[in-house]
Amino acid sequence: AQSVTQLDSQVPVFEEAPVELRCNYSSSVSVYLFWYVQYPNQGLQLLLKYLSGSTLVKGINGFEAEFNKSQTSFHLRKPSVHISDTAEYFCAVSRSGGFKTIFGAGTRLFVKA
Amino acid sequence: EAGVVQSPRYKIIEKKQPVAFWCNPISGHNTLYWYLQNLGQGPELLIRYENEEAVDDSQLPKDRFSAERLKGVDSTLKIQPAELGDSAVYLCASSRGETGELFFGEGSRLTVL
């Protein structure tokens with residue numbers, strides 16, 4: 001069975017500082033990996049995805065993530081955050097070729113001025 | 001391209017009353033999902049449709065929850081009777097292909113009093 005662990009429930013950070021949101025997964029088969037963002041009172045939207053190929057994936061809004069197969073991690077990073085990045089971030093995994101996506105519990109990123 | 005549309009956005013009902021949520025997926029997306037999101041948690045799959053067929057409803061509490069997607073396009077999720085513990089956000093998502101990338105609606109927030 002697959003599972004996703006987001007290691008931090010909340011991450012406070014000052015504006016223009018770098019941030020890393022951590023995600024580890026467990027799976028016995030090849031997976032697709034995703035990061036979604038959820039702004040207050042909205043649905044989730046895709047930030048970036050890893051399907052295959054380069055392990056460094058770039059997404060929208062300046063975010064990037066690196067797939068590390070040996071550590072089964074997919075950490076999300078941004079070199080300089082903005083107030084507008086304040087939101088809930090979800091790491092997710094689905095089995096390659098499958099449709100069942102498992103989400104982590106989420107990390108609340110709070111950017112302070 | 002229009003996104004996933006859900007209604008109502010908010011619903012407040014007394015316990016034991018019925019409630020229904022409606023979802024219209026992105027045009028051309030054959031796969032439709034209903035997710036449950038409790039406060040402070042990630043989405044959890046309730047049911048997945050491929051066209052009009054429910055292919056994964058293992059997490060749907062069938063004693064009180066039901067869903068349909070009669071023509072393989074829009075879908076309705078019903079709860080009857082609602083319980084206090086059903087208070088949550090009900091998210092609809094759709095996808096195309098096998099990459100697992102999901103497109104979410106804004107959600108329907110249910111409060112059961």
Checklist line | Option passing ring-ring contact (aromatic ring centres under 6.0 Å, His included) with Y35(B) (candidates F90(A), Y36(A), F103(A)) | finding: F103(A)

Notebook entry, point to check: Looking at L44(A), V4(A), N41(A), which has the largest count of heavy-atom pairs under 4.5 Å with chain B?
Noted result: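 The option with the most such pairs is L44(A).
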
Margin query: Taking salt bridge (charged side-chain N to carboxylate O under 4.0 Å, His left out) as the criterion, tell me which of R77(A), K58(A), K49(A) meets it with E64(A).
Written below: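 Output: one option passes, namely K58(A).
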
Chain A heavy atoms under 4.5 Å from [X]: which part of the residue, side chain, backbone, both or neither?
| X | value |
| --- | --- |
| Q6(B) | neither |
| E44(B) | neither |
| Y33(B) | side chain |

Check: Can you find a pair of side-chain heavy atoms, one from E20(A) and one from K78(A), that are under 4.5 Å apart?
Finding: no

Check: Looking at E15(A) and K112(A), does any basic side-chain N land under 4.0 Å from a carboxylate oxygen?
Finding: no

Next item on the list: Specify whether Y90(B) and F21(B) have parallel, tilted or perpendicular ring planes, treating 30° as the upper limit for parallel and 60° as the lower limit for perpendicular.
Entry: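 Aromatic pair Y90(B)/F21(B) classed parallel.
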
Item checked: Which atoms of Q6(A) approach chain B - backbone, side chain, both or neither, heavy atom under 4.5 Å -> neither

Note to self: Count I, L, V, M, F, W, Y as connected when their side-chain heavy atoms are under 4.5 Å apart, and connections chain through other members. Are L46(B) and W22(B) then in the same cluster?
What the structure shows: no

Next item on the list: Count the heavy-atom pairs under 4.5 Å between each of R9(B), E50(B), Q37(B) and chain A, then report the option with the highest count.
Entry: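 Of the options given, most contacts go to Q37(B).
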
Next item on the list: Considering only heavy atoms and a distance below 4.5 Å, find which of F104(B), F103(B), Y10(B) pairs most often with chain A.
Entry: F104(B)

